[in-house]
Participant: 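Here it is, the structure in full.
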Amino acid sequence: MSHISYAFNHSDIEATAYALTILPRLGLAESEAQAEINYQLCCSAAKKLIDHDTDITPDEFRTIIAALQAAKLIILGDIEVDATTRSECKSHFFTINKLLSVFEKQLLQE
């Protein structure tokens, strides 16, 4: 995958970048090494999105999907977080659902 075939608008970038900031804090990685890899992927994916760089690697793409899925689980109450984080995720609810729908379909096509 050399490019995501989706044109991100401002709210898409904002919601995705926020989700990428919370994923590493959830402690979902199975090891410290994997946690560091996940953190680096979140940082690089967020930077590319903010810079409107569509050269997203497959690992960054999967990390974006994982971050959005985690944010959705936070909204649904399946992942426990502080009230502020949950509220912020809820403010991106519709964008997160839209992006997950688009990206999960694209992931299946790969």
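For clarity, every value in this text was computed on a predicted model and none was experimentally measured.
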Participant: Compare every heavy atom of Ile75 with every heavy atom of Arg86, then report the nearest pair and how far apart it is.
Facilitator: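 Here Arg86 and Ile75 meet closest at NH2-O, 2.9 Å.
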Participant: Go through the steps to decide whether Ile22 and Ile74 satisfy the test side-chain contact (heavy atoms from CB on, under 4.5 Å), and finish with yes or no.
Facilitator: CA-CA 10 Å; Ile22 60 172; Ile74 288 168; 3.6 Å; yes
Participant: Closest approach of Asp12 and Ala7, non-hydrogen atoms and distance?
Facilitator: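 Closest approach of Asp12 to Ala7: OD2-O, 4.0 Å.
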Participant: Say you draw a straight line from CD1 of Ile65 to CD of Glu60; how long is it, rounded to the nearest 0.5 Å?
Facilitator: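 These two atoms lie 12.5 Å from each other.
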Participant: How far does CG of Asp82 sit from OG1 of Thr85, to the nearest 0.5 angstrom?
Facilitator: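 Nearest 0.5 Å value for the CG-OG1 distance: 3.5 Å.
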Participant: Could you check whether atom NZ of Lys98 has more than 12 heavy atoms from other residues, nucleotides or ligands sitting under 6.0 Å from it?
Facilitator: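 Yes, enclosed.
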Participant: Show the nearest heavy-atom pair for residues Leu49 and Ile13, with the distance to one decimal.
Facilitator: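 Where Leu49 meets Ile13 most closely, the heavy atoms are O-CD1, 3.6 Å.
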Participant: Are Val102 and Phe94 linked, directly or through other ILVMFWY residues, by side chains that come within less than 4.5 angstrom of each other?
Facilitator: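 Val102 and Phe94: one cluster.
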Participant: In the single-linkage hydrophobic clustering (I, L, V, M, F, W, Y; side-chain heavy atoms under 4.5 Å), do Tyr18 and Ile64 co-cluster?
Facilitator: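 Different clusters.
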Participant: Would you give the length of the straight line joining atom NZ of Lys48 to atom CG of Leu20, rounded to the nearest 0.5 angstrom?
Facilitator: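 Lys48 NZ to Leu20 CG: 12.0 Å, rounded to 0.5 Å.
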Participant: Looking only at side chains, do Asp59 and Thr57 share a donor and an acceptor under 3.5 Å apart?
Facilitator: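 There is no such pair (donor and acceptor under 3.5 Å, judged by atom type) between the side chains of Asp59 and Thr57.
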Participant: Give me the atom names and distance for the closest heavy-atom approach of Ile96 to Cys89.
Facilitator: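 Taking every non-hydrogen atom into account, CD1-O, 3.9 Å.
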Participant: What distance do Tyr39 atom OH and Thr63 atom OG1 have between them, rounded to the nearest 0.5 Å?
Facilitator: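 Answer for the OH-OG1 pair, Tyr39 versus Thr63, is 13.5 Å.
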Participant: To check you understand the geometry: which heavy-atom pair defines the closest contact between Leu68 and Phe103, and what is its length?
Facilitator: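 Minimum heavy-atom contact is CD1-CD1, 3.9 Å.
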Participant: If you measure from CD on Glu32 to CD1 on Ile37, what distance do you get to the nearest 0.5 Å?
Facilitator: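 Result: 11.5 Å between the selected atoms.
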Participant: Taking 4.0 angstrom as the limit, do Lys72 and Asp78 come out as a salt bridge?
Facilitator: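 Here Lys72 does not pair with Asp78 in a salt bridge, since their nearest N and O are not under 4.0 Å apart.
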Participant: Under the 3.5 angstrom rule, does the side chain of Asp51 hit a backbone N or O of Asp53 as a donor-acceptor pair?
Facilitator: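 Checking the backbone N and O of Asp53 against the side chain of Asp51, no donor-acceptor pair under 3.5 Å is found.
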Participant: Step by step, work out the side-chain contact (heavy atoms from CB on, under 4.5 Å) result for Leu99 and Thr16.
Facilitator: CA-CA 9 Å; Leu99 292 172; Thr16 305; 3.2 Å; yes
Participant: Would you check if the side chain of Ser87 reaches a backbone N or O of Thr84 as a donor-acceptor pair within less than 3.5 Å?
Facilitator: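 Not at all, since once roles are kept as given, no pair shorter than 3.5 Å links the two residues.
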Participant: Are Leu41 and Ile50 co-members of a hydrophobic cluster defined by side-chain heavy atoms under 4.5 Å apart?
Facilitator: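 No, separate clusters.
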Participant: I need the minimum non-hydrogen distance between Glu36 and Gln40, along with the two atoms involved.
Facilitator: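 For Glu36 versus Gln40, the nearest heavy atoms are OE2-NE2, 2.8 Å.
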Participant: Does Val81 belong to the same Ile/Leu/Val/Met/Phe/Trp/Tyr cluster as Leu73, with side-chain heavy atoms less than 4.5 Å apart forming each link?
Facilitator: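 Linked, Val81 and Leu73 end up in one cluster.
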Participant: Drop me the distance from Ile56's CD1 to Ser44's OG, to the nearest 0.5 angstrom.
Facilitator: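 That separation rounds to 8.0 Å.
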